[in-house]
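One structure below.
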Amino acid sequence: MKILVLGGGGREHAIVKALARSVREPELFCAPGNPGIAAEASCLPDLDPTDTEAVVAVAREEGIDLVVIGPEAPLVAGVVDGLAAAGIRAFGPTEAAARLEGSKAFAKEAMAEAGVPTAGYRVVSAAEEARTELDGRSFPVVLKADGLAAGKGVLICFDREQADRAIELLFEEKRFGDTEVLIEDFLDGEELSLLAICDGERAIPLAPARDFKRIGDGDTGPNTGGMGSFSPVPGVGDETVQELSEKVHRPIVELMAARGTPFHGILYAGLMMTSDGPRVLEYNTRFGDPETQAVLPRLESDLVELFLEACEPGGLRDREVEFSDDWAVTVVLASAGYPESSSSGDVISGLEEAATGAEVVHAGTAAVDGEIVTAGGRVLNLTGLGPDVATARRRAYDAASVVEFDGKQMRNDIALAAVEEES
Ligand code: AMP
Ligand code: GLY
């Protein structure tokens with residue numbers, strides 16, 4: 001069986017590693033891939049994952065049996081629809097179903113119709129309208145660009161001055177293009193990433209994870225794509241996962257089916273666990289990055305089988321997805337300047353030593369003249385596994401400390417609270 005994975009970051013490296021463990025021994029391809037992925041798959045560095053025609057052509061040429069889409073951009077661009085029209089099986093939602101991630105206003109309407117708990121909101125389409133809406137509001141308040149913004153389109157405003165600045169950024173400077181804006185109630189609590197694999201009819205939850213979004217220790221500084229993660233999450237056992245999934249995945253999957261746009265693929269609910277119960281902050285229609293790097297190493301079920309079943313309407317039937325009792329902690333190493341900018345070409349050392357105690361996952365790396373160098377904001381992910389969270393965390397940080405490159409940044413408190421909670 002030949003499988004093509006689209007994408008080239010840490011999430012895709014983790015997916016490739018998990019696919020490689022399948023009893024089906026698939027022949028793996030990845031576009032564009034990265035130097036870490038190249039150890040396990042044939043990389044196609046010149047194939048643009050959002051170019052449907054090119055993806056279809058390569059899939060035909062190589063005789064690909066299954067295409068797995070990692071990032072959101074190809075989904076929103078309709079790559080799955082193009083592959084389906086060409087008779088090529090693809091794991092991921094169609095363009096219509098991926099609107100759950102592609103438009104926050106669409107997701108909010110779907111949640112209202114399906115009865116999924118979320119923050120109160122208003123959609124505004126011009127600066128003046130936004131200012132009027134903010135008059136008499138209490139703070140903090142959250143402003144969100146409607147479309148895809150790589151995690152950067154969410155502005156949390158603690159007072160009117162910050163909100164006015166956010167309005168300028170969104171409507172006048174058009175930082176995220178021409179977009180409607182959601183003004184949303186601020187929610188307080190701990191966040192939880194709960195992903196489910198969906199076959200168009202039902203959703204089966206995966207192990208829960210926590211993501212660390214801010215660049216700095218103690219959740220300080222600007223938002224990033226994610227600086228670390230761990231799985232499972234203290235206090236969120238199997239029963240809680242099932243209950244949450246019934247509230248936040250099932251109603252949406254049933255709604256999408258009823259609308260004639262069934263959801264196949266990964267439905268990722270970003271949750272805020274408030275004192276009034278769980279609330280959905282957002283849906284993503286793909287694996288999370290870096291949650292996947294902590295969740296998939298714990299997967300005991302065969303990922304190839306899961307993907308194949310999820311592509312068929314109702315194909316997952318009464319499938320249970322099995323995870324080991326191990327803990328996994330993932331630490332992200334980022335390059336100088338991240339998240340405002342990134343640094344390329346810094347030589348990386350210590351990768352072999354790091355791999356003796358942890359999983360080394362490549363994100364933004366490149367191979368130049370026989371050396372591995374930085375090539376992006378988030379550069380590497382080190383995942384430690386262990387029978388308890390303290391051991392997993394120590395293994396991740398031991399590996400993170402032996403990898404060196406100029407300007408290396410990492411958080412020092414990934415899973416620290418979980419260790420304290422468990423002991
Ligand atoms: P989103 O892309 O909507 O998940 O937002 C990115 C991050 O912004 C979330 O992970 C939260 O940390 C934060 N956030 C989003 N919406 C809210 C909200 N209504 N209240 C508080 N924090 C929020
Ligand atoms: N870790 C957040 C995301 O993948 O969107």
Side-chain angles (χ1 to χ4, degrees), residues 7 9-12 14-15 69-73 75-76 98 100-108 111 117-122 137-158 162-163 166 176 179 181-195 206 208-216 219-231 233 248 265-276 278-296 330 332 334 339 361 363 377-378 381 411 414:
R11 163 183 48 211
E12 288 74 28
I15 292 171
I69 293 93
E72 58 276 20
L75 298 170
V76 171
L100 286 168
E101 174 162 5
S103 164
K104 290 184 190 288
F106 176 88
K108 284 286 198 186
M111 283 187 255
T118 182
Y121 75 107
R122 281 284 306 276
R137 268 220 177 219
S138 59
F139 289 87
V141 77
V142 184
L143 272 69
K144 298 185 176 182
D146 181 55
L148 290 184
K152 294 180 187 132
V154 175
L155 303 163
I156 297 175
C157 309
F158 289 89
Q162 288 180 358
F176 304 101
T179 177
V181 170
L182 274 71
I183 300 183
E184 200 173 285
D185 297 340
F186 177 83
L187 298 176
D188 203 14
E190 279 199 294
E191 287 186 50
L192 183 72
S193 301
L194 193 63
L195 283 64
L206 307 184
R210 178 153 295 145
D211 177 20
F212 292 73
K213 291 209 161 67
R214 305 295 197 90
I215 186 77
D219 290 329
T220 53
N223 260 343
T224 69
M227 291 299 290
S229 60
F230 64 84
S231 175
V233 176
V248 304
I266 297 291
L267 183 61
Y268 163 149
L271 303 178
M272 187 70 91
M273 308 300 279
T274 75
S275 51
D276 298 325
R279 299 280 182 276
V280 174
L281 294 176
E282 65 162 349
Y283 285 115
N284 294 316
T285 58
R286 46 155 180 93
F287 280 106
D289 188 344
E291 290 94 327
T292 305
Q293 291 87 312
V295 169
L296 287 187
T330 299
V332 171
V361 167
R378 291 189 290 172
N381 316 141
R411 274 183 67 157
I414 305 300

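For ligands, and for the atoms within them, numbers begin at 1 and follow the listed sequence. Sequential numbering from 1 along the given sequence is applied to the chain's residues.
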- Would you check whether M272 has a nitrogen or oxygen atom less than 3.5 angstrom from a nitrogen or oxygen atom of ligand 1? no
- How about R137 and D185: do any of their side-chain heavy atoms sit closer than 4.5 Å? yes
- Task: Tell me, please: is K104 in heavy-atom contact with ligand 1, that is, under 4.0 Å?
- Result: yes
- Would a distance-only check, ignoring hydrogens and angles, find a side-chain to backbone donor-acceptor pair under 3.5 Å from T118 to V280? yes
- Message: Would G270 count as a contact residue for ligand 2, given that I'm defining contact as a non-hydrogen atom of the residue lying under 4.0 Å from a ligand atom?
- Response: no
- Query: Will you find, in the side chains of D146 and S103, an N or O donor that is under 3.5 Å from an N or O acceptor?
  - Reply: yes
- Task: Taking only Lys NZ, Arg NE, NH1 and NH2, and the carboxylate oxygens of Asp or Glu, determine whether K108 and E184 approach each other closer than 4.0 Å.
- Result: yes
- Please confirm whether G226 comes under 4.0 Å of ligand 2, counting heavy atoms of the residue only. no
- Task: List the atom of D211, the atom of G226, and the distance in Å for their closest heavy-atom pair.
- Result: OD1-CA, 3.5 Å
- Query: Given side chains that start at C-beta, do those of T330 and I414 come closer than 4.5 Å, heavy atoms only?
  - Reply: no
- Item | Contact summary for P140 and F186, nearest pair of heavy atoms | O-CB, 3.4 Å
- Shortest reach to atom 1 (P) of ligand 1 by a heavy atom, considering only R279, E282, E101: E282
- E191 heavy atoms within 4.0 Å reach ligand 1 at atoms 9 (C), 10 (O), 11 (C), 12 (O)
- Ligand-side contact atoms (ligand 1) for residue partner F186, heavy atom cut-off under 4.0 Å: 20 (N), 21 (C)
- Query: Does any N or O atom in E291 lie less than 3.5 angstrom from one in ligand 2, N or O only?
  - Reply: yes
- What atoms in ligand 2 come closer than 4.0 Å to a heavy atom of N284? 5 (O)
- Item | Atoms in ligand 1 with a heavy atom of V154 nearer than 4.0 Å | 1 (P), 2 (O), 3 (O), 5 (O), 6 (C), 8 (O), 15 (C)
- Nearest heavy atoms of S229 and P290, plus distance in Å: OG-O, 2.8 Å
- Message: Which option wins on minimum heavy-atom distance to atom 5 (O) of ligand 2: R11, K213, R286, E101?
- Response: R286
- Just which atoms of ligand 2 are under 4.0 Å from any heavy atom in G288? 4 (O)
- Message: Is the contact between I156 and ligand 1 made by the side chain, the backbone, both, or neither, using heavy atoms and a 4.0 Å cut-off?
- Response: side chain
- Task: Would you mind telling me which of V76, I69, L100 makes a side chain to side chain contact (heavy atoms under 4.5 Å, CB included) with T285?
- Result: L100
